[in-house]
Amino acid sequence: MSALTKLKADIAKAIKKLTGQEVEPKTLTLSSTRKEFEGDYTLLVFPLARYFGKSPEEVGKLIGEELKASSTVVDDYNTIKGFLNLSFAPEYWTDTLTAINTTENFGKGAPKDKRVMVEFSSPNTNKPLHLGHIRNILLGWSVSKIMDAAGYEVITTQVVNDRGIAICKSMLAWEKWGDGITPENSGKKGDFLVGDFYVKFNTEFSKEYSDWQTSKEAEAVFKNQNEIQDKAKFFDEYKNNYFNEYSKLGSEARQMLLKWENKESETMELWKNMNSWVLNGFDQTYDKLGVHFTKSYFESDTYILGRSIVEEGLKKGVFYKEKDGSIWVDLTDANMDKKIVLRSDGTSLYITQDIGTAELRYKDFNTEKMIYVVGDEQEYHFKVLFEILKRLERPYASDMYHLSYGMVELPTGKMKSREGKVVDADDLINQMTLEARANAEEKGIIDGSSDKERNEIYRKIGMAALKFFILKVNPKRRMIFNPEESVDLQGQTGPYIQNAYVRIKSIMRKAEGTYDFNDISGYKDFNSHEKNLITTLSSYPNTIQQAAEEYEPSAIANYVYDLAKKYHKYYSEIRILGTEDKSARNFRLALSYSVAQILKSGMDLLGIEMPERM
RNA sequence: GGUCCCGUAGCUCAGCUGGAUAGAGCAACUGACUUCUAAUCAGUAGGUCACAGGUUCGAAUCCUGUCGGGAUCACCA
């Protein structure tokens, strides 16, 4: 039991003694005292005044007096209006620090005996990962780390969309214009190579389309409609119809998809090859980002799943059949629409697949809780999916969450990979490392280490800047990313937090062998920074639980920044190694050590590594 | 049109289970490196918390409505 929980129990006891009223300790509001006031923690007495029938100020005095007499934690008190400010005994601070210092993995929650799956990334195999994926991947990875720290057992997965018309476009373009090029013979990263052909297809297709627009056939199409008068505007919107009805390239791509579905060997061969190039490229990017998956699922395996569950649901009466044979679910009573779950020709849809994959994962891993990290444009889809699974009475249906996040846009608008208008993940990662290096070289620090070590440090700093930049923001917010304005390395950033850690590491190296963490109790004259830091440290476990409950990496990011900021301030005012009094010096080193541990641990929850020097 | 998300300093964002005078960073200006790493610290300046009502001893926070931005409402994924 932490000292604060004990204090709350003491307060409840005091109230009981004074009024006879039973109060649930956890309903008490206890927060750290604002720095303008005297005291360490503050109890809000407004809500308690009614039990006493006296003014909040008087009530504060009564409780304060009682606590001073009965609680071992409380040394003194003062009241201002309805705020009861409590000052703690010196032992509280040293004991708390020692407890933090000696607890292994301080902050980690007790095992919850529940397995949670986090699905994220889920890329298409026709182009490289881009900035949008980065937000997804960082969120997913961080949430999985946070869940783990909160006490869950975590499984990470991705569903790779490796089939469909998009990949056929790349395949077709490679066949037509590729001239046998491969990642091996060209030295180009596989996902970029395939992505180039995807763009190539689309530029060729656009050419074909604009040529067609002057043909008689096109004239006729335009005349046969009278919804849009402006010709250019009409053809702008007609592009998809053209692809499906008139385009030569479109028909070739569709034929390729048909061949793939019929598993024709030549097509399968090409498909397998190109997919392996892309997946290989993805693995390199994942490595750089430091993420990995317990298991990857492939849509080419899962796209037919879900049908048997639909059949089962039909029998149960959850679904119904239309005259044409298509199967539907009516969700109007849950304030949603009717939704098709199986086509009239018996084939699966996106939602059918998702029903099937959920079931498959449950069977594979026995996950009773599932988190899907997917963009907010799919909110409705997941609302429907979760409702369907509930009606099908799946055992995991009660604990499903769609972690939805806002789109990442460029200043010029949305990214369009078809037009090659994207910020590639790899480019961004490299750019960040270069940025970190340029910054370091300008400052002329990090000397004495080898090139290899230095590059490793630059990588860690660059990645920290990028990851923190993205994770500190509430996922729901849309974000506009300007590649021209580089990500900051100063201020509220990843490197700022790394710097606090590095400073401590430097102190610890210098102090090596000259201190004893067990000998701190002689120190009693704590300054406000020290109390403040210990208070912040002791709230770490709570922060983790809250971040897990709310699926909110930004809560951790803000916490870690706050801690680093407080430490930087402390560092600038107190000369730790120069402390004369022995137990004070030990205390300060112990405190610094704990701060470093928690900074490292918290950053790890964001997927950010710490350098030992920078 | 229905539903959901967002709106806080010039910019990027915290704060939202109601509590004391709304906080950071960036950008601007001023100061601090012979002293544990200045990717730091201290300071100046910057606010009708989109707007209007309501609940409350107390509202950026809760409720209702309005406005602005975005998403979504396919036998696409």
*N/O donor-acceptor pair, side chain A:Ser554 with base B:A14, under 3.5 angstrom*: no

*What dot-bracket string describes RNA chain B from 5' to 3', counting Watson-Crick and G-U wobble pairs whose defining distances are under 3.5 Å, with [ ] for crossing pairs and | for pairs to another strand?*
(((((((..((((.....[...)))).(((((.......))))).....(((((..]....))))))))))))....

*Can you sort out the partners of A:Arg588 under salt bridge (charged side-chain N to carboxylate O under 4.0 Å, His left out), two or more places apart, ordered by chain and number?*
A:Glu530

*Parallel, tilted or perpendicular: rings of A:Tyr401 and A:Tyr551 (30°, 60°)*: parallel

*So what does A:Lys81 touch, heavy atoms closer than 4.0 Å: a base, only the sugar-phosphate, or nothing?*
nothing

Please tabulate, one pair per line, each protein N/O and nucleotide N/O from nucleotides 73-75 of chain B that are separated by under 3.5 Å, including the distance.
unit_1 : atom_1 : unit_2   : atom_2 : d
B:C73  : O2'    : A:Asp337 : OD2    : 2.8
B:C75  : O2     : A:Ser344 : N      : 3.3
B:C75  : O2     : A:Ser344 : OG     : 3.4
B:C75  : N3     : A:Ser344 : OG     : 3.2
B:C75  : N4     : A:Asp324 : OD2    : 2.0

*salt bridge (Lys or Arg N to Asp or Glu O under 4.0 Å) contacts in which one or both residues fall within residues 550-575 of chain A, not counting sequence neighbours*: A:Asp562-A:Lys566

*Nucleotide by nucleotide, 5' to 3', does protein get under 4.0 Å of the base (B), only the sugar-phosphate (S), or neither (-) in nucleotides 23-36 of chain B, counting heavy atoms?*
SBSS--------BB

*Sequence-distant partners of A:Phe46, ring pair (Phe, Tyr, Trp, His ring centres under 6.0 Å), two or more places apart*: A:Phe83

_All side chain to side chain donor-acceptor pair (under 3.5 Å) counterparts of A:Tyr297, not counting sequence neighbours_ = A:Asp364

*List for me each residue that meets ring pair (Phe, Tyr, Trp, His ring centres under 6.0 Å) alongside A:His381, sequence neighbours excluded, and say none if there are none.*
A:Tyr350

_Pairs where residues 460-477 of chain A contributes a residue and the test salt bridge (Lys or Arg N to Asp or Glu O under 4.0 Å) is met, not counting sequence neighbours_ = none

*With sequence neighbours excluded, what pairs up with A:Phe282 under the ring pair (Phe, Tyr, Trp, His ring centres under 6.0 Å) test?*
none

*Are OP1 or OP2 of B:U37 and a side-chain N or O of A:Tyr496 less than 4.0 angstrom apart?*
no

Distances under 3.5 Å only, N/O to N/O: pair up the protein atoms with those of nucleotides 4-8 of chain B.
unit_1 : atom_1 : unit_2   : atom_2 : d
B:C4   : O2'    : A:Glu379 : OE1    : 3.1
B:G7   : OP1    : A:Arg477 : NH2    : 3.1

*Quick one: list whatever passes ring pair (Phe, Tyr, Trp, His ring centres under 6.0 Å) with A:Phe319, sequence neighbours left out.*
none

